[in-house]
Amino acid sequence: MTTTQDLDHALVGLFETDLNVAVPSADTDLLEGGLLNSVTFVELVMLLEERFGVTVPIDDIEVEQFRTIRQIALFVGSLLADQRRVAAA
């Protein structure tokens with residue numbers, strides 16, 4: 001099972017390596033700090049789907065889910081949990 005802390009760590013690496021964005025901490029406000037803009041947001045969604053094997057429901061996206069690494073980790077964790085529930089059913 002993947003923990004939020006594991007996801008935090010993986011997401012920091014994704015931001016640094018794939019998006020070339022250095023994020024000081026998992027609680028840094030990516031939007032207020034200008035670290036996440038419309039272009040990097042689209043790239044991020046594609047990377048989340050590719051890296052974690054999830055489908056990000058575009059119609060249900062809320063900005064707050066992407067404000068910090070920690071919130072993105074919680075969001076991805078919930079998508080992974082939903083997938084496990086569906087697979088187990």
Side-chain angles (χ1 to χ4, degrees):
M1 181 175 311
T2 305
T3 66
T4 301
Q5 191 173 33
D6 294 335
L7 289 170
D8 282 353
H9 182 72
L11 287 165
V12 167
L14 182 145
F15 267 82
E16 289 176 356
T17 304
D18 297 294
L19 298 174
N20 297 314
V21 175
V23 180
S25 80
D27 294 314
T28 298
D29 192 318
L30 303 170
L31 303 172
E32 288 292 322
L35 300 172
L36 188 62
N37 60 37
S38 59
V39 173
T40 54
F41 177 79
V42 171
E43 290 179 60
L44 174 61
V45 169
M46 291 175 14
L47 287 166
L48 293 176
E49 291 184 337
E50 179 182 301
R51 185 76 44 91
F52 298 104
V54 296
T55 300
V56 177
I58 300 298
D59 293 338
D60 297 333
I61 287 179
E62 295 181 22
V63 172
E64 291 305 312
Q65 296 167 318
F66 292 87
R67 188 161 291 283
T68 67
I69 293 279
R70 177 105 352 105
Q71 288 167 308
I72 297 169
L74 291 169
F75 176 63
V76 170
S78 71
L79 294 174
L80 290 168
D82 289 347
Q83 283 183 339
R84 284 192 293 274
R85 277 192 292 279
V86 168

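Predicted model, so just to flag it, every value in this text is computed and none were measured.
- By the 4.5 Å heavy-atom criterion applied to side chains, Ile58 and Val45 are counted as neighbours.
- To the nearest 0.5 angstrom, Leu74 atom CG is 7.5 Å from Asp8 atom CG.
- For the atom pair Arg67 CZ and Asp27 CG, the distance stands at 13.0 Å (nearest 0.5 Å).
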Exercise for review: Give the intermediate values and the outcome of side chain to side chain contact (heavy atoms under 4.5 Å, CB included) for residues Leu79 and Thr55.
Suggested key: CA-CA 8 Å; Leu79 294 174; Thr55 300; over 6 Å; no
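- The cluster map of Ile, Leu, Val, Met, Phe, Trp and Tyr, joined by side-chain heavy atoms under 4.5 Å apart, puts Met46 and Val54 in different clusters.
- For the side chain to side chain contact (heavy atoms under 4.5 Å, CB included) criterion with Leu31, the lone passing option out of Asn37, Thr68, Val63 is Val63.
- In summary, of the residues considered (Leu35, Leu30, Thr40), a side chain to side chain contact (heavy atoms under 4.5 Å, CB included) with Phe15 occurs for Leu30 alone.
- Atoms CD1 and CG, on Ile72 and Leu7 in that order, are 11.0 Å from each other to the nearest 0.5 Å.
- Within a 6.0 Å radius of CD in Glu50, other residues, nucleotides and ligands contribute 12 heavy atoms or fewer.
- Atom CD of Glu49 is surrounded by more than 12 heavy atoms from other residues, nucleotides or ligands within 6.0 Å.
- The heavy-atom pair separating Leu36 from Phe66 by the smallest distance is CD2-O, 3.5 Å.
- We find the CG-CD distance between Leu11 and Glu16 to be 11.5 Å, quoted to the nearest 0.5 Å.
- Considering CG of Leu80 and CZ of Arg85, their distance stands at 10.5 Å, rounded to 0.5 Å.
- A 4.5 Å side-chain heavy-atom check between Leu44 and Leu14 finds at least one atom pair inside the cut-off.
- Between atom OG1 of residue Thr28 and atom CZ of residue Arg70 there is a gap of 10.0 Å, rounded to the nearest 0.5 Å.
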